[in-house]
Amino acid sequence: VHLVESGGGSVQAGGSLRLSCAASESTYNNNCWGWYRQAPGEERERVAELKKNEDTTYADSVLGRFTISKDTTERTLYLQMNSLKPEDTGTYYCAAAPAYGLGRFCSAYNYWGQGTQVTVSS
């Protein structure tokens, strides 16, 4: 699976961005999908996940502000980010993992994009 993110940039606090992740693999619909971010000097954290059964989960820090979705036809994953805060600054990565258990569970994320930078200024 080859993943390519886009849509990052610089925005003021309170603004919005939409990240995209284009997937090349024909098994697009068989995976779990996640958005991760990594701030300088910090560990990578998952901010949103979309399972094959369409269940979504979010980190507490982004709940109510970020929305993960996918366009099946375009094989593209999205992360809509609203009400951005300076602490949302970081490199954002999309990732894919094989799903199992009738789509309820995700294996380890083993496919990663190259990342896109998001900078939120106060």
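What you are looking at is a predicted structure, and each value in this text was computed from that prediction instead of being measured.
Across every non-hydrogen atom of Ala96 and Trp33, the tightest pair is CB-CZ3, 3.5 Å. Contact record, Gly8 with Thr116: N-OG1, 3.2 Å, taken as the closest heavy-atom pair.
Under the rule for a side-chain hydrogen bond (donor to acceptor under 3.5 Å, both in side chains), Thr89 has no partner lying at least two apart in sequence or in another chain. Remark: Thr56 pairs with Leu50, Tyr58, Ile68 by the side-chain contact (heavy atoms from CB on, under 4.5 Å) rule, at least two apart or across chains. The side-chain contact (heavy atoms from CB on, under 4.5 Å) search around Glu43 returns none, not counting sequence neighbours. In terms of the side-chain contact (heavy atoms from CB on, under 4.5 Å) criterion, residue partners of Arg44 (sequence neighbours excluded) are, by chain and number, Tyr36, Gln38, Tyr93, Trp112.
Within a 6.0 Å sphere centred on CD of Gln12, other residues, nucleotides and ligands contribute 12 heavy atoms or fewer.
Judged by distance alone, the side chain of Lys51 and the main-chain N or O of Arg104 form a donor-acceptor pair under 3.5 Å. In terms of modelled atom types and a separation under 3.5 Å, the side chain of Glu5 and the main chain of Gly115 share a donor-acceptor contact.
Among residues at least two apart or in separate chains, salt bridge (charged side-chain N to carboxylate O under 4.0 Å, His left out) pairs with a member in residues 87-99 are Arg37-Asp88, Arg65-Asp88.
Contact of the Leu3 side chain with the Leu77 side chain is not registered, since no non-hydrogen atoms from C-beta on lie closer than 4.5 Å. Leu84 has its side chain within reach of Phe66: a pair of non-hydrogen atoms, C-beta onward, lies under 4.5 Å apart.
To the nearest 0.5 Å, the span separating OH on Tyr111 from OG on Ser24 amounts to 10.0 Å.
Its side chain outside the 4.5 Å cluster rule for every partner, Tyr78 clusters with none of the Ile, Leu, Val, Met, Phe, Trp and Tyr residues.
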